[in-house]
Number of protein chains: 2
Amino acid sequence: MKVLIVEDDPLHRSYLNEAVRAALPECDGVIEAENGIAGERIAREYKSAHIVMDLQMSTRNGIEAARTIWKERPETRILFWSNYSDEAYVRGVSRIVPDGAAFGYVLKSASDDRLKLALRSIFIEAQCVIDREVRGMQQKSLGHTNGFSDSEYEILVDIALGLTDRTIARRRNLSLRSVQNRLQHLYEKLDVHHPSAKHDGPEHEEERFNLRSRAVTVAFLRKLLNYSALERAEAELGEWLRDR
Amino acid sequence: MKVLIVEDDPLHRSYLNEAVRAALPECDGVIEAENGIAGERIAREYKSAHIVMDLQMSTRNGIEAARTIWKERPETRILFWSNYSDEAYVRGVSRIVPDGAAFGYVLKSASDDRLKLALRSIFIEAQCVIDREVRGMQQKSLGHTNGFSDSEYEILVDIALGLTDRTIARRRNLSLRSVQNRLQHLYEKLDVHHPSAKHDGPEHEEERFNLRSRAVTVAFLRKLLNYSALERAEAELGEWLRDR
DNA sequence: TTCCATGTTGCGGGATCCCGCACATTTTTG
DNA sequence: CAAAAATGTGCGGGATCCCGCAACATGGAA
């Protein structure tokens, strides 16, 4: 068995290397890649079936790399090893994992033992292992209370990209009013109504926030969005624009 | 001489510890803190004058920590050791460094030698050391071509926070029109005009972007903004709102 | 001093956005 | 199955936003 490590940081890379060797005596070779592009290439060359992947890498992030790898070989087992459990990452990962594929999501802050256990579970037992904290995030994002449905998330991404209502309507095949409707729901869930508005008088004073922009900001602050998610969304938008 | 290391990641922390001991034989004690809060506390307790600080930390980021430390003891020498050279970080740092203070900015991707050299230059020679790449960013953000003036950056942050034109006007003591004027300049610099608009017919077709939101997005993608900058701006906004 | 660059402010209007009111369709729930 | 809760759509209007046109102020450069 060979294991491919895709990780930006040299320190983390060598740490992973050691952890893999210690946890998997049956492993007879560890290959390293220092960014997503190289990871994809090497995975293709060596037909790697066991990969440990960092999520945030400068030249090409782990989600993109994993997606292309899984597209070519859906049975590949990938363990994501990340610093963060942002909802944006969790959503990004669960969106691309193929049916029945074995994968894992472990935080870098996890203990040595947790990492090694995860390595064995996924690569030997073909069993999914998801960090407690990450699992919590996943649950929350599905539960209806305080959680965002896919359609709400979708429109959040669209306004984050800076699309107009009309463009969103065309892109998502909706009427203009429906788009605005979804926006209402989004604003409600993000709690970005006009905050300190006193409804005493009829005057329309103190509207402090531009709801559209504000929504994006609080989504960022709540880690529903992050740079990586924006980057991916921007790329998808680019494709759609090319297709008119 | 004692050195305080403020760094999230255990691996990086121990690497730094070793580097400091190797580069500074005259150092007779290395203290470690694993987040910004602890860093501030320990710096206060030990009156640390020599600090190596990570910028992105989960509980409290390095810029905040450095600011409070420098507020109490402006002669403290701080070496920032960061993964990124985002303009947002560079601006954030240069905004808080006191007059005449010795500081440094080295990327984590720098070589061992560069790091050790920087440690000696700052802590022994009291000389500022700024990574080549970071310096480039700094220059660019000052140069008028392709660079953003302070006022433009200011309004960028304001719309990123989701403020309305009127609120921005009150906050920055400007007229409404001036705010909109600055926005025009910002849109121009970020190149977010209505892109594929055909001016042939009088019809107003194909306005794909909401300029306000779009501007924030491209600023993010160009790393003029990042999570840390948003977080700081949000905190400042909170203060201002409390003061009415 | 005169001229020109830069920045601020007013006015006005077309395009969007935000959203209440209504109604139809779909899905969920009891 | 029927009630209830989502969800999609149209209409309309008040508030904002985007921005051209134009008048001033300020501060150097010719």
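All values derive from a computational prediction rather than experimental measurement. Sequence lines set the chain letters: A, B, ... in the order given, protein chains first and strands last, and positions in each chain run from 1. Just so it is clear, the values below take in all heavy atoms, side chains as well, and ignore hydrogens, waters and symmetry mates.
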Distance test, side-chain N/O of Arg166(A) to OP1/OP2 of dT16(C), below 4.0 Å: yes

Give me the stems containing DNA chain C, sorted by first residue, counting only three or more consecutive Watson-Crick or G-U pairs with both distances under 3.5 Å; say none if there aren't any. C:3-30 with D:1-28

So, Glu154(B) and Arg172(B), do they make that salt bridge, N to O below 4.0 Å? yes

Expressed in angstrom and rounded to an integer, what is the separation of Glu188(B) atom CD from dT6(C) atom P? 12 Å

What I want to find out is whether Arg91(B) reaches Asp86(B) closely enough, with some N-O distance under 4.0 Å, to be called a salt bridge. no

Can you check the Asn173(B) CG to dT8(C) P distance for me, whole Å? 12 Å

Side chain to side chain contact (heavy atoms under 4.5 Å, CB included) filter on Leu221(B), not counting sequence neighbours, yields Tyr227(A), Leu230(A), Glu234(A), Thr217(B)

Is there side-chain contact between Ile168(A) and Ile159(A), with at least one heavy-atom pair below 4.5 Å? yes

Taking NZ from Lys189(A) and C1' from dT7(D), how many angstroms apart are they, rounded to a whole number? 13 Å

Take the protein atom CG of Asp165(A) and the nucleotide atom C1' of dT9(D), then report the distance between them rounded to whole Å. 14 Å

Contact between Val157(A) and Leu225(A) at the side-chain level, heavy atoms closer than 4.5 Å - yes or no? yes

Taking only residues two or more places apart in sequence, or in another chain, which ones meet Glu72(B) in a salt bridge (Lys or Arg N to Asp or Glu O under 4.0 Å)? Arg44(B)

Scan for salt bridge (Lys or Arg N to Asp or Glu O under 4.0 Å) pairs involving residues 49-65 of chain A, sequence neighbours excluded, and state none if there are none. Glu40(A)-Arg60(A), Asp54(A)-Lys108(A), Arg60(A)-Glu64(A), Glu64(A)-Arg67(A)

In whole Å, what is the span from the CG atom of Leu186(A) to the P atom of dC19(C)? 12 Å

Could you pick out which residue, Leu163(B) or Leu174(A), lies toward the 5' side of DNA chain D when each is mapped onto its nearest nucleotide? Leu174(A)

Which comes earlier along DNA chain C counting from the 5' end, the contact point of Asn181(A) or that of Arg212(A), where each point is its nearest nucleotide? Arg212(A)

Test ring pair (Phe, Tyr, Trp, His ring centres under 6.0 Å) applied to Phe220(B) and Phe220(A), step by step: CA-CA 11 Å; Phe220(B) 245 102; Phe220(A) 245 101; 4.2 Å; yes

Atom CD of Glu152(A) to atom P of dG8(D): distance rounded to whole Å? 10 Å

Side chain of Asn210(A), heavy atoms from C-beta onward: which of dC17(D), dC18(D), dG8(D) has the nearest atom to it? dC17(D)

Run the side-chain donor-acceptor check on residues 95-106 of chain B: report pairs under 3.5 Å with partners two or more places apart or on a different chain.
residue	atom	partner	partner atom	Å
Tyr105(B)	OH	Tyr84(B)	O	2.8

Restricting to nitrogen or oxygen on both sides, can you table the protein-nucleotides 10-13 of chain D pairs closer than 3.5 Å?
residue	atom	partner	partner atom	Å
dG10(D)	O6	Arg177(A)	NE	3.1
dC11(D)	N4	Arg177(A)	NE	3.1

Round to the nearest Å and state the distance from His185(A) atom NE2 to dG20(C) atom C1'. 13 Å

Rounding to a whole Å, what distance do you find between Leu211(B):CG and dA15(C):C1'? 11 Å

